[in-house]
**Q** 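One structure, as structure tokens, below. Some questions next.
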2 protein chains.
Amino acid sequence: MSNKKLYRGSLSTIILKLLGDNGRMYGYEITQKVKVLTEGELQITEGALYPALHKLEGDGYLKVEFEQVNNRMRKYYSLTEDGTTEVASKLSEMEQFIQTMQQLINPKLA
Amino acid sequence: MSNKKLYRGSLSTIILKLLGDNGRMYGYEITQKVKVLTEGELQITEGALYPALHKLEGDGYLKVEFEQVNNRMRKYYSLTEDGTTEVASKLSEMEQFIQTMQQLINPKLA
DNA sequence: TAATATACTTAAGATTCTTGGGTATAGCAA
DNA sequence: TTGCTATACCCAAGAATCTTAAGTATATTA
């Protein structure tokens, strides 16, 4: 989330949405996926990502599985049932936000 | 900005845009205008608004004129030259943000 | 006469980042 | 073989931006 104040508050939405689409992912994978999907626009720093994952887990939205791959540990995250509900909620909040900002920013057409 | 985390970071953009459209406004007027424009979706609290106005003024984007109306003081804010430049910059950041979020959130059509 | 609206200010605390550090393995280049 | 880059995780100090809640004061409405 380097340098872009507007992304504040949207990280948990992004994480939840990606996990909803991809089933399960590990932290590093999420940073890379976001970089590709946004064509480099959005770079999620590890200092932001990992605390966010821990919080979502603590809130009961994510569950964890450890796995050893190439002699390196990975923590795979996936949605809990509550997490699935939360994705839908977060996405509708995001859509509402975008709509509201467009009301404020775009010249009224009516 | 009650209860909506996503609005974090967007307040200065909103203020600058409104002042760009309306020439000059005072704080209380801004809160009311936003409420009307967003049909109640976004309520800017005074605890957020006034510090934000003071910061924008300190950054050189806004200038102030005092005026006495109905025996009550009003502080009218308007854009400086730098402020006018900043509006354009903030608006394009917001458009970029919205576009990026839609890339992340909407199913790819291509 | 008490509540609501108008109008501005500030301070403590919460949340969510950035920045910068740490640990460790693997692979590639000098 | 040595150092850089990539992979993969973690944490803490500080910054930025908000919420909450308080204070000051006048005008209007119930």
Side-chain angles (χ1 to χ4, degrees), chain A residues 1-16 24-36 40 42-59 61-62 64-77 90 93-94 97 100-101, chain B residues 1-16 24-36 40 42-59 61-62 64-77 90 93-94 97 100-101:
Chain A
M1 323 266 290
S2 47
N3 274 340
K4 325 268 179 163
K5 286 181 200 165
L6 290 174
Y7 291 91
R8 266 179 185 270
S10 61
L11 180 54
S12 60
T13 305
I14 293 168
I15 292 171
L16 290 168
R24 58 174 220 160
M25 301 179 83
Y26 55 99
Y28 188 79
E29 186 185 8
I30 292 174
T31 65
Q32 301 309 302
K33 189 78 175 179
V34 167
K35 207 193 292 185
V36 170
L42 184 53
Q43 313 251 5
I44 294 181
T45 60
E46 299 184 320
L49 177 70
Y50 290 112
L53 285 171
H54 301 158
K55 180 165 193 315
L56 289 170
E57 189 194 350
D59 289 345
Y61 300 135
L62 303 185
V64 185
E65 290 160 24
F66 287 87
E67 208 163 304
Q68 198 79 12
V69 179
N70 294 329
N71 213 30
R72 258 194 246 97
M73 181 186 64
R74 281 184 190 168
K75 285 179 73 173
Y76 277 96
Y77 289 90
K90 289 278 195 185
E93 272 174 39
M94 179 59 76
F97 168 77
T100 299
M101 288 311 302
Chain B
M1 322 266 289
S2 47
N3 273 341
K4 325 268 179 165
K5 287 181 198 165
L6 290 173
Y7 292 91
R8 267 177 186 272
S10 61
L11 180 55
S12 60
T13 305
I14 293 168
I15 293 171
L16 290 167
R24 60 174 218 159
M25 302 177 82
Y26 56 99
Y28 188 79
E29 186 184 10
I30 292 174
T31 66
Q32 301 309 302
K33 189 79 176 179
V34 167
K35 206 192 295 186
V36 170
L42 185 53
Q43 313 251 6
I44 294 181
T45 60
E46 300 182 318
L49 177 71
Y50 290 110
L53 285 170
H54 300 159
K55 181 168 192 312
L56 288 170
E57 189 193 350
D59 289 343
Y61 300 134
L62 302 185
V64 186
E65 289 160 26
F66 286 86
E67 206 162 304
Q68 199 80 10
V69 180
N70 294 330
N71 211 30
R72 259 195 245 97
M73 181 187 64
R74 281 185 190 168
K75 285 178 73 173
Y76 276 97
Y77 290 91
K90 288 277 195 187
E93 271 175 38
M94 179 58 77
F97 168 76
T100 298
M101 288 310 303

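To find a chain, count down the sequence lines: A is the first, B the second, and so on, and within it residues start at 1.
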**Q** Identify whether any heavy atom of B:Gly47 sits under 4.0 Å from a base atom; if not, whether one sits that close to sugar-phosphate; answer base, sugar-phosphate or nothing.
**A**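 Base, at least one base heavy atom under 4.0 Å.
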**Q** How is B:Arg74 classified with respect to the nucleic acid when contacts are heavy atoms under 4.0 Å: base, sugar-phosphate, or nothing?
**A**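 Result for B:Arg74 = sugar-phosphate.
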**Q** Hey, which sits more toward the 5' end of DNA chain C by its nearest nucleotide, A:Pro51 or A:Asn71?
**A**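 Going by which nucleotide is closer to the 5' end, it is A:Pro51.
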**Q** A:Gln32 CD to D:dT5 C1': how many Å, rounded?
**A**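 Rounded to the whole Å, the gap is 12 Å.
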**Q** Whole angstrom is fine here: how far is it from CD1 in B:Ile30 over to P in C:dT9?
**A**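 Result: 12 Å.
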**Q** Say you draw a straight line from CG of B:Asp59 to NE2 of B:His54; how long is it, rounded to the nearest 0.5 Å?
**A**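 That separation rounds to 13.0 Å.
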**Q** Rounded to whole angstroms, how far apart are CZ on B:Phe66 and C1' on C:dT9?
**A**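 Whole-Å distance recorded here is 12 Å.
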**Q** Could you report the tightest heavy-atom contact between A:Leu56 and A:Ser12, atom names first, then the distance?
**A**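 Here A:Leu56 and A:Ser12 meet closest at CD2-CB, 4.0 Å.
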**Q** Using the salt bridge (charged side-chain N to carboxylate O under 4.0 Å, His left out) definition, which of the options B:Arg24, B:Arg72, B:Lys75 pairs with B:Glu67?
**A**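 With B:Glu67 as partner, B:Arg24, B:Arg72, B:Lys75 yield a single salt bridge (charged side-chain N to carboxylate O under 4.0 Å, His left out), made by B:Arg24.
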**Q** Quick one: A:Phe97 CZ to D:dC18 C1', roughly how many Å, whole number?
**A**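 My rounded result for the distance is 14 Å.
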**Q** Under 4.0 Å: is that the gap between some side-chain N or O of A:Tyr26 and OP1 or OP2 of D:dA8?
**A**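 Indeed, a polar side-chain atom of A:Tyr26 lies that close.
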**Q** Counting only side-chain heavy atoms from C-beta out, which of D:dA6, C:dC8, D:dC11 sits nearest to B:Tyr50?
**A**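 Closest nucleotide among those given: C:dC8.
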**Q** CE of A:Met25 versus P of D:dA8: gap in Å, rounded?
**A**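 Interatomic distance, CE of A:Met25 to P of D:dA8: 12 Å.
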**Q** Taking any heavy-atom pair under 4.0 Å as a contact, classify A:Glu29: base, sugar-phosphate, or nothing.
**A**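 Contact class for A:Glu29: none.
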**Q** Rounded to the Å, how far apart are A:Arg8 CZ and C:dT18 C1'?
**A**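 That distance rounds to 8 Å.
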**Q** Between A:Arg72 and A:Lys75, just flag the one whose closest nucleotide in DNA chain D comes earlier from the 5' side.
**A**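 This one resolves to A:Arg72.
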**Q** Using whole Å, what does the distance between atom C1' of nucleotide D:dC11 and atom CG of A:Leu49 come to?
**A**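 Interatomic distance, CG of A:Leu49 to C1' of D:dC11: 14 Å.
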**Q** Please tell me if the side chains of B:Tyr26 and B:Val69 come closer than 4.5 Å, counting only heavy atoms from C-beta onward.
**A**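 They are not in side-chain contact.
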**Q** Which heavy atom of A:Leu49 sits nearest to which heavy atom of A:Gly27, and what is that distance?
**A**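 Nearest pair, atom of A:Leu49 first, then A:Gly27: CD2-O, 3.2 Å.
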**Q** Could you tell me how far apart B:Lys55 (NZ) and D:dC18 (P) are, to the nearest whole angstrom?
**A**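 In whole Å, D:dC18 P lies 10 Å from B:Lys55 NZ.
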**Q** Taking only N and O in the side chain of B:Lys5, is any of them less than 4.0 Å away from OP1 or OP2 of D:dC18?
**A**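 For D:dC18, neither OP1 nor OP2 has a side-chain N or O of B:Lys5 closer than 4.0 Å.
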